[in-house]
Amino acid sequence: MADDVISLIHRVELNLFKQFVKITHQHHINYIALGGTMLGAVRHQGFIPWDDDMDVGMLRSDYEYFLKVAKEDLKGSHFFLQTPWTDENYALSYSKLLDRNTFIEEKNNVNNARKGVFLDIFPLDRILDSTSRQRRQILDMRRLDSRIYLKLRYNVIDNPIRKFHTSLSAEQAETAEDFKKQRQEIMTMYNDKPALMTIKNLASQYAYEKEILTLDQLANTTDLPFEDTHIRVPADYDAILTRIYGDYMTLPPESARTEKHIVRLITDNQEFEL
């Protein structure tokens, strides 16, 4: 049953990805697969069988341009581009492309933001070489993350009292938006320094040093088979995946082959639990 549900999630995600690629091709926007999606393309020529999301990334300037054009391109569709600005209850620092025809519940993530099967879209920002300055930047960002999560009532487990909470007041929404603006200023604080050649996914789930790239790695890409289509990855994917996962071609133990996010899915008037 779980395998059937994962296959269904993969079909929806693949459709989201194709819509994403359609927009990037139309507007000549560069992107790359990140993390487990890059690993899936290299090791499985598609999804990691037990994975339940997709991750892509792009340089901040391309990311902001994508958000601008996608807003228009997606009008009238069943897709929703979820950003810190299009969903006042959404606390994360990156964007998601959601399928409006689905609803999900996520593991250890209870909140009032819109829910649906999703594609994660991450901005990649320039960082300094100084480890102390790197540490200061990420700590400042995470401090604001915590304030935003608290303000927008993000919880690890559901609380019966949550159903009695009223919507955010105008003041609460304004405070949360101010925190989001401060966080983005911290994330983008070095992007006006063209001499910096190192970029990072500052919202990465991995240890700080894992998901760091050079501008050359972002620029030099290749397309790999991914299910019934292709996906763009850095040509230097071996070095990148080795940094993140070590011996990435060896499968993890079976006990670790579990879904990361989704615990319940509703689609086509049917409900599935994993």
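- Hydrophobic clustering places I199 together with L67 (ILVMFWY residues linked when any side-chain heavy atoms are closer than 4.5 Å, directly or through intermediates).
- For the side chain to side chain contact (heavy atoms under 4.5 Å, CB included) test with M54, the passing option among I231, V117, I121, L34 is I231; the others fail.
- Considering CG of L202 and CE of M141, their distance stands at 5.5 Å, rounded to 0.5 Å.
- Applying the salt bridge (charged side-chain N to carboxylate O under 4.0 Å, His left out) criterion to K18, with sequence neighbours excluded, gives D228.
- In the hydrophobic clustering of this structure, V5 does not group with I266; members are Ile, Leu, Val, Met, Phe, Trp, Tyr whose side-chain heavy atoms approach within less than 4.5 Å, directly or through other members.
- Note on Y65 and W85: separate hydrophobic clusters, where clusters join Ile, Leu, Val, Met, Phe, Trp and Tyr whose side-chain heavy atoms are under 4.5 Å apart, directly or indirectly.
- Put simply, CG on L98 and CZ on F79 are 10.5 Å apart, with the number rounded to the nearest 0.5 Å.
- No donor-acceptor distance shorter than 3.5 angstrom exists from the side chain of T242 to the backbone of A239, with no hydrogens or angles considered.
- With rounding to the nearest 0.5 angstrom, the CG atom of N101 is 6.5 Å from the OG1 atom of T267.
- With hydrogens and angles disregarded, a donor-acceptor distance shorter than 3.5 Å links the side chain of T86 to the backbone of L81.
- Within 6.0 Å of CD in E64 there are more than 12 heavy atoms belonging to other residues, nucleotides or ligands.
- At a threshold of 4.5 Å between side-chain heavy atoms, the hydrophobic network of Ile, Leu, Val, Met, Phe, Trp and Tyr places L168 and I148 in one connected group.
- Between the R183 side chain and the L92 main chain, a donor and an acceptor come within less than 3.5 Å of each other.
- Side-chain atoms of T37 come within 3.5 Å of backbone atoms of D55 as a donor-acceptor pair (strictly under, hydrogens ignored).
- Annotation for R257: atom CZ counts as buried by contact number, over 12 foreign heavy atoms lying within 6.0 Å.
- Considering D53, D52, L97 as possible partners of F118, the one that fulfils the side chain to side chain contact (heavy atoms under 4.5 Å, CB included) test is D53.
- Remark: the backbone N or O of K200 is not paired with any side-chain donor or acceptor of E211 at under 3.5 angstrom.
- A ring-centre distance under 6.0 Å is not found for F66 and Y31.
- Annotation: salt bridge (charged side-chain N to carboxylate O under 4.0 Å, His left out) contacts of E105 (sequence neighbours excluded): R264.
- L150 belongs to no hydrophobic cluster, as no Ile, Leu, Val, Met, Phe, Trp or Tyr side chain comes under 4.5 Å of its own.
- Side-chain contact between S93 and M187: present, with at least one pair of heavy atoms (C-beta onward) separated by less than 4.5 Å.
- Evaluation of the side-chain hydrogen bond (donor to acceptor under 3.5 Å, both in side chains) test over residues 113-131, restricted to residues two or more places apart or in two chains, returns R60-D125, K96-D120, N111-K115, D125-N191, S130-S132.
- Around atom CZ of R100, more than 12 heavy atoms belonging to other residues, nucleotides or ligands sit under 6.0 Å away.
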Distance-only donor-acceptor hits, side chain of residues 40-51, under 3.5 Å, sequence neighbours excluded:
residue: R43; atom: NH1; partner: Y248; partner atom: O; Å: 2.7
residue: Q45; atom: NE2; partner: V42; partner atom: O; Å: 3.2

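- Every residue two or more places apart in sequence or in another chain that forms a side chain to side chain donor-acceptor pair (under 3.5 Å) with Q217 is listed here: D236.
- Checking Q19 against N15 by side-chain atom types alone, no donor-acceptor pair falls below 3.5 Å.
- Ion pair E177/K180 not flagged as a salt bridge, since none of the NZ, NE, NH1 or NH2 atoms sits closer than 4.0 Å to an Asp/Glu carboxylate oxygen.
- Exactly one of T24, N30, T222 qualifies for a side-chain hydrogen bond (donor to acceptor under 3.5 Å, both in side chains) with R232. That residue is N30.
- Evaluation of the ring-ring contact (aromatic ring centres under 6.0 Å, His included) test over residues 178-205, restricted to residues two or more places apart or in two chains, returns none.
- Under the side chain to side chain donor-acceptor pair (under 3.5 Å) criterion, Y63 pairs with S95, not counting sequence neighbours.
- Every ring pair (Phe, Tyr, Trp, His ring centres under 6.0 Å) that Y94 has, sequence neighbours left out, goes to F122.
- By the salt bridge (charged side-chain N to carboxylate O under 4.0 Å, His left out) test, K193 pairs with no residue at all, sequence neighbours left out.
- With I32 as reference, L213 is the one residue of V233, V56, L213 to meet the side chain to side chain contact (heavy atoms under 4.5 Å, CB included) rule.
- Remark: R136 engages D140 in a side chain to side chain donor-acceptor pair (under 3.5 Å) (not counting sequence neighbours).
- The environment of CG in D268 is sparse: at most 12 heavy-atom neighbours from other residues, nucleotides or ligands sit within 6.0 Å.
- T214 places none of its side-chain heavy atoms less than 4.5 Å from the side chain of M197.
- In this view, Y149 and Y154 satisfy the ring pair (Phe, Tyr, Trp, His ring centres under 6.0 Å) rule, not counting sequence neighbours.
- In this structure, V263 is not a member of the same hydrophobic cluster as I9, with clusters built from ILVMFWY side-chain heavy atoms closer than 4.5 Å.
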- Message: Run the side chain to side chain contact (heavy atoms under 4.5 Å, CB included) test on Q172 and R153 for me, step by step, so that the C-alpha distance in whole Å, both residues' side-chain angles and the decisive distance to 0.1 Å come before the verdict.
- Response: CA-CA 11 Å; Q172 288 171 320; R153 304 165 182 166; 3.7 Å; yes

- Task: Go through Q26 and V69 one step at a time and tell me if the side chain to side chain contact (heavy atoms under 4.5 Å, CB included) criterion holds.
- Result: CA-CA 10 Å; Q26 181 178 345; V69 297; over 6 Å; no

